[in-house]
Amino acid sequence: MMNKLAFRNVRRSAKDYLIYFMTMAVVTALMFSFNTLLFSEDVQNLFQVAGVMAAMVGIATFFVVLIVAWLINYMVRFILQKRSREFSIYLLVGMKKREIARLYIRENLLLGAGAFGAGMGLGALLQQILLSVFYSMVQMDYHLRLEFNSYCVLMTAACYGGCYLLALFRCRRRFRKMNIHDLMASEKRNEEIRESHEKTRRMLLPLSILFLLIFGIFLFCWKDWNTGVLLFFLTGLVLSIYLCYMGISAWIFCYVKDKKSGVYRGDVLFLLRQFSSKVKTMSFTMGTLTALFTLALLGSSVAFMFNHFQNQMLNSKFPFDVQLYSEQADDDFQREIQLLKKETKVKELYTYSIYENGTRQVNAWLYSHLKALGGDYHKADGTPDWEGIEQTVDSVYCEYDTYMKLSDYNRLRQMLGLSKIELEENQYAIHLKERVLKETGDFSKSLNIKGNGRALSFAGYHTESFSQDGHNGGDYVIVVPDAAAEAMRPYYAELAADIKGEAPQGLQDRLDSLDPDEDEDEEGEDLGNFCCGSDSILVFSADNLVRDNLILESKYMLCSIIFPLFYVGLVFLCVALTVLSVQQLSDSAKYGFRYRVLSRMGCSRQKISRMILKQLLGYYMCPALMALTISGIISVYTGGRFNFYTGVSAPGAVYFLLSAALFFGIYAAYFILTYVGFKRNVFSTLQ
Amino acid sequence: MQDTIRICDIEKYYGNGAHVTKAVDRVSFTVNQGEFIGVMGASGSGKTTLLNMLSTIDTVTAGHIFYGDIDITELSEEQLSDFRKDNLGFVFQEYNLLDTLTLEENIMLVMTLHGRKREEIEKRCSELMRLLGIEEVRNQFPYQVSGGQKQRCACARALANHPKLLLADEPTGALDSKSAQTLLETFTSMNERLAATIFMVTHDAFSASYCKRILFLKDGKIFHELIRGSKERREFLNEILDVLSLTGGERSDDE
């Protein structure tokens, strides 16, 4: 009998809370498909660093489980309150509290199991989409094939079950404390509007806005961010998110109470009062939703940043098919050349030297001027701190400035399909990263480059991608006529190769293993000829670079940042939207009489539809706008910083706009579902 | 035009096939301007259905209802909404006040929805609240005031747009006897001082005794009519009770 009752109740609940059911199914599908990336043998075999994705998805799963547990807990409490009258009847007819609790938990587990089943079906589909996207991101072919790994199913079930256990943990206690009278009263309990100190509370709104403004200004202008400042702003942000809603509700209350002119316009009075009473009773939930939206938007903005980097920058990071470094200036790369010839079809091989002449002009200028390096190498008067530069161990630049022969340079340009350059005997050129030149501008006037004992004149910058993360210099290389270079000391040796077709998998590992000396980097550092350039966030510094191997690994690394961020973002968004929708749909049933009254006052269905639309828009837009403002400020700032450090050329706001577009796509789907359901509920009470 | 509202041969059936229930069966009468008319009858006699049809909330199965020259049975849903807004006021047993608005705002809302000017709204609102004695609780929310005050607020709201007809469905049903008496005196005063036309449905003889005319409904048909004329209220009450005793009063419910 109890099973039958539980089953019937579930059928009814599933109908009433369709959106909740759907979200749980979508969450299961997301969990399943993202877990596939962890357990897929193909993926594991393909990449050396498969553990990175596992770690990142693991961290994401932790947050997802927490937030989904919060959703379930919220819904369990919510449904409990809605059905309190029904439970009071169970008590009246003699059921024990323990039995009711068991019945309710059984119902919830059944509902959860149903959503899990539906979600696994959806997950199988989503898995294919996700794997297709994944493989296309790492530029590999993917053939549709259902991956049904039992560990993956087990992990999904464990995560999902974990959410339920966490959520239902406190449910029994709630049942133990309830009594018939409270249960009967709780359904009738309306949103009583208690108004006290509203004039004072009203100030919370401008205070929150002011705080956000100050936060924005600080973010863009303040240079000296330390833990204290960060903590102050984080606490302030959380407080302003939550307190702002109290302020909004109080502000509307005062606006209506002061009878401002807007109140006398059409349905404004009704809408404002509806909105403020809802916001007042739900201010904490609204704050939490805003926080979730903000995190979702920030997560997807950062994911878009890395995605953009992947599309725009990765190929230019490795212009040569193979690029090898040796700290020994006289190294002829014989072993490497043999291996390359054995494993690949070599089209062209070129070994050359990078030179130094004991000067540090360019290094010092860049150390003391690049913003990315901060003010570490500046004296108070703005001149370079030579002592600091000499003692530096950060390996951004080599110990001495790096030079290259014109003939080597032109040969390398030819390999890259670029035109040769010409230099007079007394001229020099600088090949520099585009990002660095954009920041520094022309600084040749501050340099005094000498070759063969005489001063050379500056002939121009070149900024094509040129493998300048420690191979052809770090950030820059000075190109001088061959005669001038001959007079310099060879600093380290390089090999660049052009091969036919793709490099075999694992070639880079095999090249690395040719030199079993694990301390080679340290040796390079001791010799002062090891550097990695000033790139940050994503740095590719290695002795041996095999483009085809590295791009695959890099893309996988980037995917293991992008995918979990989207995963968390999507789940947070769906959870928050579910709470909003379920709240509104339940209100539409509970407060249907309000619209019946309006209808009797002569409001047509069309007018009521418009009022519902405005009401829902207000209710949906409020947390969204707040989240957009906060995440917008942070995203534009972060986007700008990201571009600054990585050299990607896209306005900082682009990532935010992309993620806002994605956000509103999902938002619109939930909004339309809620609007249609809301109208249906209201109009059914008008019949 | 003396005859404000003409109800011509209206019928209302529910169900279909062999299960047809006649809620209202060929009822005709007229309501004159400024009249305070009551409809009495046991539960299930069709009085609320009749009120719903008059108030455009429900449609007729057959027959016509004329407000002046307008036949509301011919109007579209959109036109009916406008008609309701411009011509009718409602008072229900369960008050139907909006719980998120204060009493004053409940009255204001019908006028703002009507697109009236601010000055007019403020003036009319104060006037009605003074007349109905709810000025002191104007800033209170419905849950903070008594049932009587809520119902008087509902009356004020119903009258705010100068309706042609005020429809009241068991308005004293949820009130204690003192509040009920105050409300009925308010109805009389509204009828006499503001010339409001009132159509009240009740099964309570005491409430009905405040009306000028009473129609008795049984099984969907009018079976009797009482006119107060110049009689005292107490005398009229006795007459009503006599009619009710003839019909078996409330017991007809169970039959």
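The analysis underlying the following values was restricted to heavy atoms, covering all of them including side chains, and did not include hydrogens, waters or symmetry mates. Chain identifiers are assigned alphabetically (A, B, ...) following the order of the sequence lines, protein sequences preceding nucleic acid strands; residue numbering begins at 1 within each chain.
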S.K.: Whether B/Asp86 and B/Lys164 form a salt bridge (side-chain N of Lys/Arg under 4.0 Å from carboxylate O of Asp/Glu) is what I want to check.
M.R.: no

S.K.: Taking every heavy-atom pair that is under 4.5 Å apart, which of A/Met601, A/Lys257, A/Arg600 has the most such pairs with chain B?
M.R.: A/Arg600

S.K.: As a quick check of understanding, evaluate side chain to side chain donor-acceptor pair (under 3.5 Å) for A/Tyr242 and A/Thr288, giving each step before the final call.
M.R.: CA-CA 8 Å; A/Tyr242 282 96; A/Thr288 308; 3.0 Å; yes

S.K.: Are any of the side-chain nitrogens in A/Asp267 or A/Lys607 under 4.0 Å away from the carboxylate oxygens of its partner?
M.R.: no

S.K.: So for A/Ser276, is it side chain, backbone, both, or neither that comes closer than 4.5 Å to the heavy atoms of chain B?
M.R.: neither

S.K.: Heavy-atom pairs under 4.5 Å with chain A are the metric here; pick the option from B/Ala158, B/Gly115, B/Ser81, B/Pro163 that has the most.
M.R.: B/Ser81

S.K.: Let me know if A/Leu272 has heavy atoms under 4.5 Å from chain B in its side chain, its backbone, both or neither.
M.R.: neither

S.K.: Answer yes or no for A/Arg596 and B/Phe92: cation-pi contact, defined as NZ/CZ to six-membered ring centre under 6.0 Å and angle to ring axis within 45°.
M.R.: no

S.K.: What I want to find out is whether B/Arg124 reaches B/Glu127 closely enough, with some N-O distance under 4.0 Å, to be called a salt bridge.
M.R.: yes

S.K.: Is it the side chain or the backbone of B/Arg157 that comes within 4.5 Å of chain A heavy atoms, both, or neither?
M.R.: side chain

S.K.: Please look at A/Val268 and chain B and tell me whether the side chain, the backbone, both or neither of the residue comes under 4.5 angstrom of a heavy atom of that chain.
M.R.: neither

S.K.: For the residue pair B/Lys47 and B/Thr202, what are the closest heavy atoms and their distance?
M.R.: CE-O, 3.8 Å

S.K.: Among B/Asp58, B/Leu88, B/Ile57, B/Thr56, which residue forms the greatest number of heavy-atom pairs with chain A at distances under 4.5 Å?
M.R.: B/Ile57

S.K.: Taking side chain as everything from C-beta outward and backbone as N, CA, C, O, which of these in B/Leu113 sits under 4.5 Å from a heavy atom of chain A? Side chain, backbone, both or neither.
M.R.: both

S.K.: Side chain from CB out, backbone as N, CA, C, O: work out which of these in B/Glu77 comes under 4.5 Å of a heavy atom of chain A, or both, or neither.
M.R.: side chain

S.K.: Please tell me whether B/Thr100 and A/Ser277 have a donor and an acceptor in their side chains that are separated by less than 3.5 angstrom.
M.R.: no

